[in-house]
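Written out below as structure tokens is the structure these notes cover.
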Number of protein chains: 2
Amino acid sequence: MHKRVLVVEDEASIRDMVAFALRKADMEVIHAADARAALSAISDTPPDLILLDWMLPGMTGLELARRLRAEERTAEVPIIMLTARGEEMDRVNGLEAGVDDYVVKPFSTRELVARIKAVLRRAQADGGTGSIESGGLRIDGPAHRVYAGDSQIEIGPTEYRLLHFFMTHAERAYSRAQLLDQVWGGSVYVEERTVDVHVRRLRKTLEPFGLDGLIQTVRGTGYRFSASP
Amino acid sequence: MHKRVLVVEDEASIRDMVAFALRKADMEVIHAADARAALSAISDTPPDLILLDWMLPGMTGLELARRLRAEERTAEVPIIMLTARGEEMDRVNGLEAGVDDYVVKPFSTRELVARIKAVLRRAQADGGTGSIESGGLRIDGPAHRVYAGDSQIEIGPTEYRLLHFFMTHAERAYSRAQLLDQVWGGSVYVEERTVDVHVRRLRKTLEPFGLDGLIQTVRGTGYRFSASP
DNA sequence: CGGCGCCGTCACGGAAATGTAACGTTGCAA
DNA sequence: TTGCAACGTTACATTTCCGTGACGGCGCCG
């Protein structure tokens, strides 16, 4: 249940306060001071939630929200807006742009964390992750099930997360450190070789279904999921 | 696939936002600012779904829901309640009155549309009888009864709500927190492990009827209702 | 008031899952 | 070919997670 939150906020004091609160709530925080930084931070891996200041240098938060909604990768990422009291804003416009919630400054960190958790839970409840298919494998996110053709595959929690990450990031090699970050969560201390073991377990559970070679070793780098050998 | 939705809401801004979102999702929207307007709007032709604000001038949404359920013409029309955060509402009473789902304000239009579609899909699936059948189990919503074949199953209130939620959300894994949200209501604090105990009790009452494996454990995540193992 | 049903919590035990070390194997470079 | 580093594989101790029975509390109705 380790979540990544992108905080788009130009005021350093608020940013630090928010970051402190979120880290205490076991979330990973990424910063961006303006819209451009936000977009480039997202281009790598989309976060689980975006905390967006209403007033930003260059581009308003609303404008950024619209752009995020327009892009495939970020269309489903929940957005929470931060607005200063008195800033007259058109709530309807915001909600039409797909903003999930508002928090009015000044706010207590307790309230902010509570709202974030509520939104994350709701986002997860709605389809969140649909179903993905690749290389003869199908993974049903909502049902939390994995299929090879018609037969279901029994799989452990970590193997499930690992496979899910691989399938949503196919055709690309990841280092062990990156996999630990993405699959285990950034704040755990685990030996890198542990990844090898889980890759091995995943390969072994897929093997009886004739699914070999899906997870490929990239020597000196890490692993890659690919439907083509 | 063109559905008519009646929106009963006195606040103009929310009404407009909802109307905008629903029209974009290819639905027809009818307005009503209070309970009386709602009743007269319905007397013409009942809609496919009713979106009901909790707080209305004159009559509470819950009261209106009960009256709608009492009338033959509207007894089968699905109802979704809108409640503001902090408005103390008794989710249990709502469910007894036949409310199909709750959405807490502020909500995102994406979330609202998703929930509406889900409820419509379910309503269509049960053929308008208000009863759901799955995995050899049948649950009669209006009568609050559960059957395995011809024999009725005695079941407690919480177990009933839990089973009802599971059957209306089959083939999907839910965390304990989500189940507490949906079945117990968001405003109560109970331990997550309590869910385990009720799942256990539910399994035990279903077992004598040969209904094993319907409620499945998803390790590290929660539970899932499914007719297939 | 006393019995009954239902509910939430706790504690115990077992099973699954996890991380790590140790050893075997492969591939690359000198 | 040799040597070394990277990777595969296995076994094992530990931790986490879940099933289960029991207990006390609360409300309700006789």
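Note that this is a predicted model, so its numbers are computed, not measured. Within every chain, numbering begins at 1; the chains are lettered A, B, ... in the order of the sequence lines, protein sequences first and strands thereafter.
Among the heavy atoms of the strands lying under 4.0 Å from B:V197 is at least one base atom, whether or not backbone atoms are also near. Residue-level contact check: A:V218 touches the backbone only, with heavy atoms under 4.0 Å from sugar-phosphate atoms and none from bases.
The distance from atom OH of B:Y223 to atom P of D:dC17 is 13 Å, rounded to the nearest whole Å. Rounded to whole angstrom, the span from the CZ atom of A:R161 across to the P atom of C:dA17 amounts to 12 Å. For A:H198 and D:dC7, the NE2 to P distance is 17 Å, given to the nearest whole Å. Rounded to whole Å, atom C1' of C:dC7 lies 15 Å from atom CG of B:L202. Protein atom CD of A:E154 is 15 Å distant from nucleotide atom C1' of C:dA15, rounded to whole Å. The distance between atom CG of A:D196 and atom C1' of D:dA5, rounded to the nearest whole Å, is 13 Å. Here the P atom of nucleotide D:dT15 and the CZ atom of B:R219 are 16 Å apart, to the nearest Å. Between the P atom of D:dT9 and the NZ atom of A:K204 lies a distance of 9 Å, rounded to the nearest Å.
Here A:R176 does not reach the OP1 or OP2 of D:dA6: none of its side-chain N or O atoms lies under 4.0 Å away. OP1 and OP2 of D:dC7 both lie 4.0 Å or more from every side-chain N or O belonging to A:R193. OP1 or OP2 of C:dT9 sits under 4.0 Å from a side-chain N or O of B:T194. B:W184 has no side-chain polar atom (N or O) that falls below the 4.0 Å cut-off from OP1 or OP2 of C:dC7. Residue B:T217 places no side-chain N or O under 4.0 Å from the OP1 or OP2 atom of D:dC18. Residue A:Y160 places none of its side-chain N or O atoms closer than 4.0 Å to OP1 or OP2 of C:dT18.
Crowding of B:R145 atom CZ: a count of heavy atoms from other residues, nucleotides or ligands under 6.0 Å not exceeding 12.
Looking at which nucleotide of DNA chain C each of A:E192 and B:T158 is closest to, the 5′-most match is held by B:T158.
Looking at A:R201, its side chain has no donor and acceptor atom pair within 3.5 Å of the base of D:dG8.
Relative ring orientation between A:H144 and A:Y160 is described as parallel, the plane-to-plane angle staying below 30° on a 0-90° scale split at 30° and 60°.
With hydrogens and angles disregarded, no donor-acceptor distance shorter than 3.5 Å links the side chain of B:R115 to the backbone of B:D101.
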>> One pair to check against side-chain hydrogen bond (donor to acceptor under 3.5 Å, both in side chains): B:R176 and B:T221. What are the steps and the verdict?
In response: CA-CA 8 Å; B:R176 289 164 179 78; B:T221 302; over 6 Å; no
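Distance from the side chain of A:P157 is smallest for C:dA17 among the nucleotides D:dC7, C:dC7, C:dA17.
None of A:L6, A:L52, A:L51 except one satisfies the side-chain contact (heavy atoms from CB on, under 4.5 Å) rule with A:I79; the exception is A:L52.
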